[in-house]
A.B. asks: 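One structure coming up, written as structure tokens, with questions to follow.
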Amino acid sequence: MRHRSNTALKRKSLLTAKVLRWYRKNGRQLPWRNEDDPYRVLVSEVMLQQTQVSRVLTKYPRFLKRFPSLRRLTNAKTSDVIKAWEGMGYNNRALRLQRLAVTVLDEHRGRIPGNIQELEALPGIGRYTAHALACFSFGQQVPVVDTNIKRVLTRLRSPQSRRPAPKEEDIWDLAESLLPRQHSHDWNQALMDLGATICTAAQPKCDRCPLVDLCPSAYRVSRRTRAAKKPEPGRDGIPNRIYRGRTIQALRELKTPGGMTRTALARKIKPNFTSVDRRWSESLLRRLQKDGLIRIRAGNRISLPE
DNA sequence: AATGCGTGGCT
DNA sequence: TAGCCAAGCAT
């Protein structure tokens, strides 16, 4: 810290004070913020990967009621875990969550590890989630960088008009340097709230931002000219991931045991299915099978994995 | 390193 | 209203 100037230090303490004050008054009340049990925090963080708070709010309590502990999750049928994941999207996360539970039981005596390196080695846990668990569950004074915090810090660091976007590592370094020791939990949560509710991507509400006086990007966020994204692979203009989702959903809704035939399934997910779609449909199923999301049984019937 | 991976609300 | 996009991760 010796290299930092006094003005920089003052700026930091002013910044953190403003954010923490704003958070105390305006922070959202979210159920997982009152949790420190690693399993319960883990479930929330995995659910929140690329998924809005509003969606997680409705699914989180139901999932925990169904799988109240890591051990209960390991003992569950995978098909039930996938069913409980309904409405969440990115079904691979449900699989990885259960695989994580099994890994923790086998390799960590059922205790979710508290250090970042071991966390990051677990299935479905990347840099963000590892740091989130370390901070929110284990009380470590470490930064967290998600898409919200990345946006807030990027705008705070330099005028938004000036580009290109900073490197990922620079953002983590900046987050580390701003961390108010002993307040990391609230600070990280506060920055995420700020990004989600005020410093939003499209139309930031600078008039309501506690940092408006400190932010070089205030009222200067221009509309993004996005490079047109390459269309995803799909069929009839519909991305494959949509058909994958429909496939899993159809199998969730199937009440009778024994699975569905390929043809019945194909017609269900693609109403105008014809024989020319056979090859495409087969490759779709193959990938789902490879991911472990479906089982193709002898007798050619498809179901969720046990 | 670029791409694949859900879902449903919002504009 | 058709397209955009949201607490990332794995390969």
Side-chain angles (χ1 to χ4, degrees), chain A residues 27-28 30-33 35 41-60 82-97 99-100 119-137 143-153 167-169 171-172 175 185 187-203 223-235 237-252 269 283-284 286-294:
Chain A
R28 296 173 291 184
L30 304 174
W32 44 89
R33 287 187 175 161
E35 305 275 5
V41 175
L42 168 72
V43 170
S44 75
E45 289 303 337
V46 172
M47 285 188 161
L48 286 162
Q49 290 169 358
Q50 288 278 283
T51 306
Q52 304 90 325
V53 165
S54 59
R55 185 185 307 277
V56 175
L57 275 176
T58 65
K59 316 290 179 187
Y60 181 64
I82 295 173
K83 284 177 185 170
W85 205 257
E86 178 172 353
M88 286 295 306
Y90 289 134
N91 296 307
N92 277 322
R93 290 183 297 170
L95 289 183
R96 293 184 187 134
L97 190 53
R99 289 173 187 157
L100 181 153
L119 284 168
E120 219 166 326
L122 295 169
I125 306 294
R127 192 174 187 180
Y128 162 75
T129 308
H131 282 74
L133 273 165
C135 179
F136 302 145
S137 181
V144 160
V145 175
D146 75 326
T147 184
N148 288 307
I149 295 183
K150 185 185 305 181
R151 187 173 54 251
V152 171
L153 295 186
K167 294 175 194 167
E168 183 78 12
E169 202 55 37
I171 296 295
W172 280 92
H185 182 290
W187 167 255
N188 287 329
Q189 295 282 0
L191 281 188
M192 286 196 278
D193 269 13
L194 196 60
T197 65
I198 303 290
C199 195
T200 50
Q203 294 191 292
R223 268 207 300 275
R224 281 258 155 202
T225 55
R226 70 187 86 269
K229 270 193 289 191
K230 188 189 293 183
E232 295 180 44
R235 199 74 169 171
I238 299 177
N240 282 333
R241 73 167 85 189
I242 303 301
Y243 291 108
R244 286 170 55 103
R246 289 179 185 173
T247 301
I248 300 307
Q249 188 57 22
L251 295 175
R252 278 192 190 104
I269 69 168
S283 71
L284 197 75
R286 281 268 117 80
R287 261 167 305 168
L288 283 166
Q289 183 186 38
K290 186 182 176 197
D291 287 348
L293 280 167
I294 65 170

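Residue numbering restarts at 1 for every chain, and letters A, B, ... go by the order of the sequence lines.
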A.B. asks: Near DNA chain B, counting only heavy atoms under 4.0 Å, which residues of residues 191-199 of chain A show up?
C.D. replies: none
A.B. asks: Return the value, rounded to whole Å, for the distance between atom CD1 of A/I242 and atom P of C/dC5.
C.D. replies: 16 Å
A.B. asks: Counting side-chain heavy atoms from C-beta on, which of B/dG8, C/dA10, C/dG8 comes nearest to A/R55?
C.D. replies: B/dG8
A.B. asks: Judged by each residue's nearest nucleotide on DNA chain C, which is more toward the 5′ side, A/R96 or A/N148?
C.D. replies: A/N148
A.B. asks: What is the nucleic acid contact for A/P239, judged by heavy atoms within less than 4.0 Å: base, sugar-phosphate only, or nothing?
C.D. replies: nothing
A.B. asks: What is the separation between atom CD on A/Q52 and atom P on B/dT7, rounded to the nearest whole Å?
C.D. replies: 13 Å
A.B. asks: Please state whether the phosphate of C/dG8, meaning OP1 or OP2, lies under 4.0 angstrom from any side-chain nitrogen or oxygen of A/R127.
C.D. replies: no
A.B. asks: Look at the side chain of A/T129 and decide which nucleotide, out of B/dG8, B/dG6, C/dC9, has an atom nearest to it.
C.D. replies: C/dC9
A.B. asks: Identify whether any heavy atom of A/W85 sits under 4.0 Å from a base atom; if not, whether one sits that close to sugar-phosphate; answer base, sugar-phosphate or nothing.
C.D. replies: nothing
A.B. asks: Is the cationic atom of A/R127 (NZ for Lys, CZ for Arg) positioned less than 6.0 Å from the six-membered ring centroid of A/W172 and within 45 degrees of its normal?
C.D. replies: yes
A.B. asks: Using the side-chain heavy atoms of A/Q49, tell me which of these nucleotides is nearest: B/dT7, B/dC5, C/dG8.
C.D. replies: C/dG8
A.B. asks: Using atom P in both nucleotides, what's the gap between B/dG8 and C/dC9 to the nearest angstrom?
C.D. replies: 23 Å
A.B. asks: Which part of the nucleic acid, if any, lies within contact of A/T51, taking any heavy atom under 4.0 Å across all strands shown: a base, the sugar-phosphate backbone alone, or nothing?
C.D. replies: base
A.B. asks: Answer with yes or no whether A/R241 presents, from its side chain, a donor or acceptor under 3.5 Å of a partner atom in the base of B/dG4.
C.D. replies: no
A.B. asks: Could you tell me whether A/E86 and A/K59 make a salt bridge, using a distance below 4.0 angstrom between a side-chain N and a carboxylate O?
C.D. replies: no
A.B. asks: To the side chain of A/P233, which of B/dG6, C/dA6, B/dG4 is closest?
C.D. replies: B/dG4
A.B. asks: Base, sugar-phosphate or nothing for A/M88? Non-hydrogen atoms, less than 4.0 Å.
C.D. replies: base
A.B. asks: Looking across every strand, which nucleic acid part, if any, lies under 4.0 Å from A/I248 by heavy atom: base, sugar-phosphate, or nothing?
C.D. replies: nothing
A.B. asks: Return the value, rounded to whole Å, for the distance between atom CG of A/D146 and atom P of C/dC5.
C.D. replies: 17 Å
A.B. asks: So what does A/G89 touch, heavy atoms closer than 4.0 Å: a base, only the sugar-phosphate, or nothing?
C.D. replies: base
A.B. asks: As a test of reading the structure: which of C/dA6, B/dG6, C/dG8 is closest to the side chain of A/A201, going by heavy atoms?
C.D. replies: C/dA6
A.B. asks: Identify the heavy atoms of A/V41 and A/F136 that sit nearest to each other, and give their distance.
C.D. replies: CG1-CB, 4.2 Å
A.B. asks: Starting at the 5' end of DNA chain C and moving along, which residue's nearest nucleotide shows up first, A/G124 or A/W32?
C.D. replies: A/W32
A.B. asks: Taking the minimum atom-to-atom distance to the side chain of A/K230, which one of B/dG6, B/dT3, C/dG8 wins?
C.D. replies: B/dT3
A.B. asks: To the nearest angstrom, how far is A/L122 atom CG from C/dG8 atom P?
C.D. replies: 19 Å
A.B. asks: Cationic tip of A/R93 within the cone over A/Y90's six-membered ring, i.e. under 6.0 Å and within 45° of the normal?
C.D. replies: no
A.B. asks: Could you tell me the separation between the CZ atom of A/R93 and the C1' atom of C/dT11, rounded to a whole number of Å?
C.D. replies: 18 Å
A.B. asks: Of the listed nucleotides (B/dT7, B/dC5, C/dC9), which one gets closest to any side-chain atom of A/Y128?
C.D. replies: C/dC9
A.B. asks: Indicate whether the side chain of A/Q249 and that of A/R246 have a donor and an acceptor atom separated by less than 3.5 Å.
C.D. replies: no
A.B. asks: Counting distance only, does the side-chain N/O of A/W187 pair as donor-acceptor with the main-chain N or O of A/L191 below 3.5 Å?
C.D. replies: no
A.B. asks: Say whether, by atom type as modelled, one donor and one acceptor occur between the side chain of A/T58 and the main chain of A/R55 under 3.5 angstrom.
C.D. replies: yes
A.B. asks: I need the CG-P distance between A/L95 and C/dA10, as an integer number of Å.
C.D. replies: 13 Å
A.B. asks: Is there a side-chain contact between A/Q189 and A/R28 (heavy atoms, below 4.5 Å)?
C.D. replies: no
A.B. asks: CZ of A/R287 to CD1 of A/I294: how many Å apart, nearest 0.5 Å?
C.D. replies: 11.0 Å
